[in-house]
Structure formats: C-alpha cells, structure tokens
Novice: 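Please read through the structure below; I'll follow up with questions.
Naming: A, B, ... by sequence-line order, numbering from 1 per chain.
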Amino acid sequence: MNWPSTPDEAVALQLEMAPLVDPNPPAGWQPRTAAGLDVAYDGDKLCAAVVVVDLTSLETVDQAVVPGVTDFPYVPGLFAFRELPALMSALERLTTSPDVLICDGQGVAHPRRFGLASHLGVVTGLPSIGVAKTPMGRYDPPGPDRGDWTELRDGDDVVGRALRTQKDVKPLFVSIGHRIDLDTACARVLDLAPKYRQPETTRRADQLCRQALVLDR
DNA sequence: GCGACAG
DNA sequence: ATCTTGTCGC
C-alpha cells in the first residue's frame, strides 16, 4: 500500500504492517549507539531532528535536522503519519546508522499495536523503543524510586511499562517498537536518563529541532 | 449513546 | 505539539 491520504487508509496500513513487528533482538545484538528523534512545529511548518548518542559515554556522536511541512493532522492513534516522513529524511542524513531508535511516542502500546516507534522500526529495519510521556493504556503507579515500574496494559495484553526514571518524578511509558525485548528497552532508557526524566537522546533531539525551527524562520 | 484519545 | 512567569530545589 502507498502512503495514506485519509485516516481510513492510515488505519488500514497499520493493520497491514503490525504483523511485521519482530519482538526478537538481532542475534548477538549489543547496541553501542542510540538515536533520539523528535519534531517541533510552527503552524504548518516543522523541523525534525535526530541525535545519536554513545550509550556508554552519553556523548553526541552524530546529528541531523531537516525542515518540512505538516501533511497529516494529529489524530490519536495515527500520530506516526504526522512525523514519520520528516523523521525518515532526518535519519537518511546521518553519517552512520544508529544501533537503536529512541522514539517520542508509543511502540506497540497502541490500539493496533503499531505506534510511531514500531512504524519507524519496521520501515528502517532497526531495533526501536517507544518512550511516551502519557500512556495509551491502563497502569498502576510504580514505586517512587528510579527504576521502579509497573505493567502498562491494553485490555488483557501487557503492552509496555510505566517506568520511573528519576525518584519522585512522573513515570515514562516504555514499549517495544521493533526487534527488542521490553527488559532491554527499559534498561537502555534508564541508561540514557541518569539525571533527567527524559532520555538524553530525546532531550537533545528536542532542543535541536526547536532551535532549527527558529533559525529557519 | 458517551467519553477517552501518543505528540 | 503549543500557549506561558516565577519559583522551589540541588
């Protein structure tokens, strides 16, 4: 199927692609770098940014920003269709391929098990993690300490975790995107968030696309 | 029928 | 997402 032009077509594409999500990590996979992705908006204009970070030192090793326009309106459940094109072109401008994508939104914690992180993962073939600030599902509050977590459920399915990345700070909602397991996904998110609620990847991508949006006008 | 609904 | 000041705390 081609790129959808209506919400109905978008839903159909998600239903068609959801079975392509692979919950198994690549054989012997040991990620050294992680890419954070984010988009900032100004009316119908936007900027997408990707920042690649070394998982051990947390230093930025690569980054890219691209301008664009909003094609798709924001519709809950169809968020990916708004940001995916711009994020893909930003990814194409990196000089090296990151080992895992850290996405600002859900992975399989989604009505059709195919949120932004899963969509990006399947399209790129890269392992991906969904890290959302608000849940799409039900959960009980995790304990107050960094690393505490509870299950995020959609009906009877466990689709992710409510993960506390800092003591007494609102939890993040982590779900697998593609080619990764939930334990590993949460461990890497904690690695990337030693000091703040959000992973360093997301924080830097957020900062980069915002400043690019300003300079571009 | 009514409310809820990633960013 | 974005609109928006000061303020409490490490």
Novice: Determine the stems involving DNA chain C; a stem requires 3 or more consecutive pairs of the Watson-Crick or G-U wobble kind, each with both distances below 3.5 Å, and the answer is none if no such run exists.
Specialist: none

Novice: For A/L120 and B/dA6, what is the distance between atoms CG and P respectively, to the nearest whole Å?
Specialist: 18 Å

Novice: Cation-pi between A/R161 and A/Y139: NZ/CZ under 6.0 Å from ring centre and within 45° of the ring axis?
Specialist: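 That pair does not qualify as a cation-pi contact.
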
Novice: Assess whether a salt bridge exists between A/R203 and A/D38, defined as any Lys/Arg side-chain N lying under 4.0 Å from an Asp/Glu carboxylate O.
Specialist: no

Novice: Could you check A/T33 against A/D54 for side-chain hydrogen bond (donor to acceptor under 3.5 Å, both in side chains), going step by step and ending with a plain yes or no?
Specialist: CA-CA 5 Å; A/T33 62; A/D54 183 294; over 6 Å; no

Novice: With the threshold set at 4.0 Å, does a side-chain nitrogen-carboxylate oxygen contact exist between A/K45 and A/D42?
Specialist: no

Novice: What integer distance in Å separates A/Q106:CD from B/dG7:C1'?
Specialist: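 Rounded to the whole Å, the gap is 10 Å.
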
Novice: Drop me the distance from A/E200's CD to A/L58's CG, to the nearest 0.5 angstrom.
Specialist: 5.5 Å

Novice: As a test of reading the structure: which of B/dG7, B/dC5, C/dT2 is closest to the side chain of A/R210, going by heavy atoms?
Specialist: C/dT2

Novice: Using atom CG of A/D71 as one end and atom C1' of C/dA1 as the other, report the distance to the nearest whole Å.
Specialist: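 Spelled out: CG on A/D71 to C1' on C/dA1 is 16 Å.
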
Novice: For A/L172, which contact category applies under a 4.0 Å heavy-atom criterion: base, sugar-phosphate, or nothing?
Specialist: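 Answer is nothing: A/L172 stays at 4.0 Å or more from every strand.
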
Novice: Mind calculating the distance between CG (A/D168) and P (C/dG9) to the nearest angstrom?
Specialist: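 In whole Å, C/dG9 P and A/D168 CG are 14 Å from each other.
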
Novice: Tell me the interatomic distance from A/Q166, atom CD, to C/dC10, atom C1', rounded to whole angstroms.
Specialist: 12 Å

Novice: Using 30° and 60° as the class limits, which term best fits the ring planes of A/F79 and A/Y74: parallel, tilted or perpendicular?
Specialist: perpendicular

Novice: Starting from P on C/dA1, measure out to CG on A/L37 and report it in whole angstrom.
Specialist: 14 Å

Novice: Which residues, if any, of residues 40-49 of chain A bring a heavy atom under 4.0 Å of DNA chain C?
Specialist: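 Contacts with DNA chain C under 4.0 Å: A/A40, A/Y41.
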
Novice: Expressed in angstrom and rounded to an integer, what is the separation of A/L84 atom CG from B/dG7 atom P?
Specialist: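 Rounding to the nearest Å, CG of A/L84 and P of B/dG7 are 16 Å apart.
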
Novice: In whole angstrom, give the distance that lies between atom NZ of A/K133 and atom P of B/dC5.
Specialist: 16 Å

Novice: Quick test of the criterion, 5.5 Å between centres and less than 30° between planes. Is A/F173 stacked on B/dA6 or not?
Specialist: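 Stack criterion not met.
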
Novice: Within a reach of under 6.0 Å around CD of A/Q207, are more than 12 heavy atoms found that belong to other residues, nucleotides or ligands?
Specialist: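 No, the 6.0 Å shell around CD holds no more than 12 heavy atoms from other groups.
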
Novice: For B/dC5, take OP1 and OP2 only and decide whether either is under 4.0 Å from a side-chain N or O of A/T134.
Specialist: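 A/T134 to B/dC5 OP1/OP2: no side-chain N or O under 4.0 Å.
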
Novice: Does A/R138 pair with A/D154 as a salt bridge, N-O distance under 4.0 Å?
Specialist: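 Between A/D154 and A/R138 there is no salt bridge, as every charged N stays at least 4.0 Å from the carboxylate O atoms.
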
Novice: Give a yes or no on whether a salt bridge exists between A/D145 and A/K167, defined as a side-chain N under 4.0 angstrom from a carboxylate O.
Specialist: yes

